[in-house]
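This report concerns only the one structure given below.
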Amino acid sequence: MHDLLTDSDMITRGDLMPRLKRSKSMIQSACKCSDRGSFMVHIWPTLWKTVVCFTVLFWVLIPLSKVTDPQELGGEESAPAFNQRQAAAAHLIKIAASTVSTTKNPHYPSDKPAVRMDSQRAKHSTVKLPAAAVQLDKSTTTTGLPASVEGLIQDIRAAAMRVNGGKAVKPLSRAAKKKWHKKNPCTSREKLPLVYSRRKSTKDADHDNAAWQAVFREYTILHRTCTSEIRNVTEYLQERITRTGCKFMVCDATEGSGLGNKMLLITSCFLYAVLTQRIFLVPSSSLLCDIMCEPFEGSSWRIPDGRVLGLGPSPNFFASVDSFLATRGDDLLLQQHSKNVSAKVDMYATDVSDDWFFQPENRFYCPTEQSFLSNVTCIGVVGCQYTIPKLFSMPTFRPTLESLFPTRMVLTDLLRSLMLPVDSIWHEVEKVEAMQPDRADRRVGVQIRYFRGVEAFEKFHEGVDSRIRQCFLENGILPKQKTKLSDDAIESPRSSNRITVFIASLHNSFEKSLTMDYLQNPPANGENVTIVQLSRKLSQGYSVQDDAQAMVEMILLSFSDDIIVTPMSTFGGVAHAYGALRPWFVQIPPWFVDNPDNVSEPDGPPCVRAQTIDTCSHLPEKQFDCPHDPELHGRFVTDLTPSLKDCLVEDVRTGIQLITGTRQSPSPPAHFLSSSFNQDLPC
């Protein structure tokens, strides 16, 4: 037997084999005893496997646990040595399993001969690990993950190794972790999932996405590797440096964007950065870095200001692609010249934003343009729109995304890993939670937004408030109230259920009316209804303090079991995506963005259930504009992507969204299907 380890890293089979032989002897003794009972004979094959597994666990795996990550002990062992020790341990475990599984047994026969070794010879025998064994084994390191997800992980890991001079990246030491977490505390990272799991009336969706967690961990290493190597990212990009090979994605929100729009834009850009192995950066001017935790351990996503990077104005990227291909007269030559694209386009950085639609240009989603962009060091986007559904429509990314997010709850996964509130905001959330010492048996969230401000509120709030109450009662969300008739009748069985209604609105009319309703006419079955509203600002603000307050209320809304939201509101959309909730849309039809004097009260049901947990992408261009990809050009994205559907007309009729479930709602009123209106969609 050849050596597996060097003398300095000695883990010999001498200690291993006596343990296995003693274990085998004990198992065989037990086998003889089992012959006396026919019941034991019938179950012996299963029992044999079970005992073997436990034997290997206690006699082999635990001693080998000494082969661990030295960084966890504060050491500074090199990455190759660490990999070598891990591979050696895995090899010994494989030998142990083989030795036990091939031992003959009368009740668990095998055609293979028993493996016998001279224990004295094995005691003094060590095997040197081949150099090739240090390299990554794709078939074993990400066992159980779909092939496309494994491929993405390998691509991210390879990008980090290139930055690190071709070597495996060392784990972050315990001291470095402690220092980073002390500087960047994030209590919500641990506590937020616990709150969702404790909801009494709603079982949290299966968001424990192992594939996404594996990708996120690997991407964190890439982010840390690049920022550590570069140190001053702003200077690196300003001076147009390329020495590390790192590529970047800078995402900034349009001025005057609300918190919901900013969060949807940032999550969309981040997903693209992961798929293309780009370092994701967010300018301080977005204010988002002030209210969200640093998401990448050992690194930072913050840069001072996106404009200092010189992303715009810049030569038109798409015109440059056209020019490059026109000089060849045949678009198919792109494949032959892909290695020279960056030199021909001659762009270090480019802004691909569509200033009219506040998102990437439509051609951004084309395979040919993506081939060119892969050679651009820094890509910038400025906007306020949610574009993840369009990423799912791209043939380049669709297989990976469908495997990575099989339930298509991508926004929920991204929000819960990327958008975690800083401690000051989380403590405010906990204060509100502490006001309710006995946790509610049921939590109901209400989010109301009047886009025309006070003018629309004054004209329509009575009708809106009435429809919300009707929606609750018709769908059993809130308990029915006593009436004079029921007071005289025989009392119904009393209920001790506690229901909390949390309202997020710039106005407090619904809070007042609902409170008065339940004071004058308590629930018929004796439920305890508590109504909570934190703020009544009358108008939307855009400061850090305004965003922080909005974040508190958004998180509290996401704790609901049932939630009713305003159509077209990104604030409500983010809240129900955080909570993995399929919301109800209150019947506020399109007229609320037009002149209030020219509208009438709507007919139809008071509310409609959403068709999915995912929020709506408001302003996508639904047809591909890919002049260099004729198989896509002019095709509708929903025709080519089964997981994409048009948004409900009760929400945003121009939008598309990912379907995470089956629509369970009434058909839309006829007047919605034929109405035309001005889609005023502010950020």
Under 3.5 Å, is there a donor-acceptor pair between the Gln549 and Glu553 side chains?
yes
Can you tell me how far CZ of Phe559 sits from CE of Met554, rounded to the nearest 0.5 angstrom?
12.5 Å
Distance from Ile448 atom CD1 to His507 atom NE2, nearest 0.5 Å?
9.5 Å
Rounding to 0.5 Å, atoms CG (Leu281) and CD1 (Ile303) come to a distance of 5.0 Å
Are any of the side-chain heavy atoms of Leu288 and Met263 separated by less than 4.5 Å?
yes
Mind running salt bridge (Lys or Arg N to Asp or Glu O under 4.0 Å) on Glu402 and Arg408 for me, showing each step along the way?
CA-CA 7 Å; Glu402 292 285 359; Arg408 292 181 288 282; 3.4 Å; yes
For Thr220, all residues meeting side chain to side chain donor-acceptor pair (under 3.5 Å), sequence neighbours excluded
none
Are the ring centres of Phe364 and Tyr272 closer than 6.0 Å?
yes
With no hydrogens and no angle check, just 3.5 Å: does a side-chain donor-acceptor pair link His223 and Glu297?
no
Could you walk me through whether Val532 and Glu511 pass the side chain to side chain contact (heavy atoms under 4.5 Å, CB included) test, one step at a time?
CA-CA 8 Å; Val532 179; Glu511 177 201 14; over 6 Å; no
Rounded to the nearest 0.5 Å, what's the gap from CE on Met249 to CZ on Phe270? Could you check?
11.5 Å
Using side-chain heavy atoms (C-beta onward) and a distance below 4.5 Å, is Asp562 in contact with Arg442?
yes
From the options Thr387, Leu401, Leu411, select the one residue that forms a side chain to side chain contact (heavy atoms under 4.5 Å, CB included) with Leu271.
Leu401
For Asp465 and Ser509, does a side-chain donor sit closer than 3.5 Å to a side-chain acceptor?
yes
Would you please indicate yes or no on a ring centroid separation below 6.0 angstrom for Tyr578 and Tyr196?
no
Ignoring hydrogens and geometry beyond distance, is a side-chain donor-acceptor pair present between Tyr386 and Asp614 at under 3.5 Å?
yes
When you compare the side chain of Ser417 with that of Pro295, does any pair of heavy atoms fall below 4.5 Å?
no
Return the CG to CZ distance between Asp413 and Phe405, rounded to the nearest 0.5 Å.
5.5 Å
Kindly indicate whether a cation-pi arrangement holds for Arg449 with Phe451, taking the cut-offs as under 6.0 Å to the six-membered ring centre and within 45° of the axis.
yes
Please confirm whether Lys390 makes a cation-pi placement over Tyr365, using NZ or CZ under 6.0 Å from the six-membered ring centre and within 45° of the ring normal.
yes
Output for pair (Thr660 OG1, Gln611 CD), nearest 0.5 Å, gives 9.0 Å
